[in-house]
Amino acid sequence: MAPMRLRFAPSPTGALHIGGARTALFNWLLARHNEGVLLLRIEDTDRERSTPENVSQILDALQWLELDWDEGPVFQSEREERHREVLQALLQGGHAYRSNATAEDVAAYKRLYGAERGFRGEATAGDRKDGAVRLHVPDGESTVVHDVVRGDTRFDHVHLDDPVIARADGSVLYNFAVAIDDLDAQITHVVRGEDHLSNTPKQLLVLRAARALGIGAETPEPVYAHLPLLHGPDGKKLSKRHGAASVQELRDAGFLASAVRNYLALLGWGAGDDATFLTTPELIERFTLERVSRSPARFDQVKLRWLDGLHVRELPVPELSDRLLEFLQLTDPEAAVAAAADRGLLEGAVAISQEKIQTLADFWPLARLFFVGVAEDRAARERWLGEPGIASVREARTELATIERFDLPAISAALEGLVQRQGVKPREVYQPLRVALAGTAVSPGIFETIELLGREETLRRIDATLVG
RNA sequence: GCCGCCAUCGUCUAGGGGACUAGGACGCCGCCCUCUCACGGCGGUAACACGGGUUCGAAUCCCGUUGGCGGUACCA
């Protein structure tokens with residue numbers, strides 16, 4: 001059996017949005033699940049908006065998501081010659097024609113014939129070469145789109161305008177380019193957002209006109225699958241307003257790529273049982289088009305945070321440390337330098353912070369005390385370092401200075417003993433100590449923190465507190 | 001306006017005529033654990049948009065209404 005051939009075809013009009021990322025992911029999962037081929041095609045026929053910066057943004061986003069492709073990237077703009085060739089064939093074969101009709105003409109037509117009749121242009125007389133190229137839509141017929149997730153949808157031609165497939169200057173438009181490019185690339189499955197469902201009959205019409213002329217006649221029509229759209233938490237179209245709307249923003253907010261893949265896969269697709277935490281190999285193993293749903297989903301960052309926490313906890317410490325370093329380099333270069341200075345310390349801090357963070361962004365506020373010293377938090381000092389707090393820290397210092405081996409069991413035994421002897425609540429001892437060592441009221445476990453800091457540094461910070 | 005798609009807890013979803021007094025997850029609330037923050041455990045809150053059919057029986061099938069979204073560009 002011929003391999004499944006899929007494509008992801010973003011238009012570089014800005015950052016890769018979450019919806020686009022989801023489409024890329026589904027194509028990728030499908031390709032990997034079926035051992036097929038994934039083609040990356042950049043749809044840059046819109047010269048105004050397609051900039052090199054936008055292209056690299058998309059490539060960066062895919063790379064970060066760890067979604068690779070097997071062929072391409074193919075730039076649609078580089079296929080101009082082929083497009084003109086097929087366009088000529090369509091023109092000569094009588095499937096398309098030049099029309100001088102302007103937008104105003106079309107509007108006038110609709111006023112005249114009512115909104116239920118699609119626009120049919122007049123072919124420009126003689127051999128004049130000006131005017132846009134329109135595809136001839138056969139009247140009185142209809143085109144049925146067979147869609148794997150939606151079933152059959154019939155589009156009656158009466159309602160369809162003869163679509164403009166090329167500008168007056170001969171450059172082709174989206175619905176033409178897509179059909180020809182998919183045909184030439186022998187794409188077997190077109191998987192994309194539902195916003196393209198209404199475009200599909202036009203593309204099918206282009207495809208069939210070309211095939212009628214013998215162009216790609218041996219290539220079967222692709223199978224279509226239109227994915228439900230993604231909306232913001234308010235049900236409206238996803239935008240910056242909703243927080244992170246692009247892959248870059250997700251990365252900068254400290255999410256793990258594996259968690260983003262996991263979460264995105266759950267939007268419009270379900271494993272069937274109640275599996276929620278799914279590793280990427282599991283996603284590949286279980287993903288099928290048949291389980292894609294038809295209704296739109298909302299992007300909810302709260303659930304993504306939860307899922308990210310699960311993925312953080314699954315990562316081996318060395319790997320999580322690498323991710324953390326990458327993240328800090330991106331968002332806080334100074335912190336990155338400090339964190340990278342001592343690998344052992346970094347991994348120690350990561351190990352005792354791992355189950356307390358949900359995203360990479362949560363790490364530094366919790367563990368900065370190991371790398372850049374005591375923080376300035378007035379409220380924490382006032383709350384915990386009053387008379388009794390200071391007294392308690394002084395007691396703790398004596399304990400910590402005298403234990404033999406400065407390790408976790410000894411430290412916890414010493415401090416627990418102190419709590420018992422003083423007959424106070426544990427927090428009355430631990431919180432002042434925490435503020436003395438971290439400067440803040442939040443840190444990893446106090447015993448673990450002290451052990452990692454080491455006796456010398458622990459006592460030094462305590463002394464600084466007692467003096468100050 | 002016209003054409004089309006969609007419609008189960010606040011959110012993601014399971015469900016595809018009787019197994020549904022509708023299941024799971026996130027969130028939220030309460031309790032437990034507890035040195036902070038988290039994690040974890042237990043319990044709770046909460047939905048079949050509405051109206052007609054079809055059927056012995058409908059969340060599941062059909063029609064309509066409403067709502068949301070998409071398309072209707074010499075954008076993609």
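Below, read A as the first sequence line, B as the second, and so on, with proteins coming before strands; counting in each chain starts at 1. Here the structure is a predicted model, which means the values were calculated and not measured.
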[X] bridged to [Y] by N-O distance under 4.0 Å:
{"X": "A:Arg286", "Y": "A:Glu282", "value": "no"}
{"X": "A:Lys356", "Y": "A:Asp362", "value": "no"}
{"X": "A:Glu416", "Y": "A:Arg421", "value": "no"}
{"X": "A:Arg134", "Y": "A:Asp161", "value": "no"}

### Query
Using the P atom in both, what is the distance from B:U21 to B:A47, to the nearest Å?
15 Å
### Task
Using the P atoms only, state how far B:G70 lies from B:G18, rounded to an integer number of Å.
36 Å
### Message
Let's test this: given Watson-Crick or G-U wobble pairing with both distances under 3.5 Å, identify the partner of B:G18.
### Response
B:C56
N/O (side chain, [X]) to phosphate O (OP1/OP2, [N]) under 4.0 Å:
{"X": "A:Arg291", "N": "B:A14", "value": "yes"}
{"X": "A:Ser198", "N": "B:C3", "value": "no"}
{"X": "A:Arg167", "N": "B:C75", "value": "yes"}

### Query
If you round to the nearest 0.5 Å, how far is CD of A:Glu43 from CD of A:Gln76?
4.0 Å
Below 3.5 Å is the cut-off: list the nitrogen or oxygen pairs between protein and nucleotides 22-25 of chain B, distance only.
unit_1 : atom_1 : unit_2   : atom_2 : d
B:G23  : N2     : A:Asp274 : OD1    : 3.2
B:A25  : N3     : A:Lys303 : NZ     : 3.2

### Task
Kindly point out which of B:A38, B:C69, B:C35 is positioned nearest to the side chain of A:Ile446?
B:C35
### Message
Under 6.0 Å from the ring centre and within 45 degrees of the ring axis: does the NZ or CZ of A:Arg22 meet both conditions for the six-membered ring of A:Phe26?
### Response
yes
### Message
At a heavy-atom distance below 4.0 Å, what parts of residues 375-396 of chain A sit against RNA chain B?
### Response
none
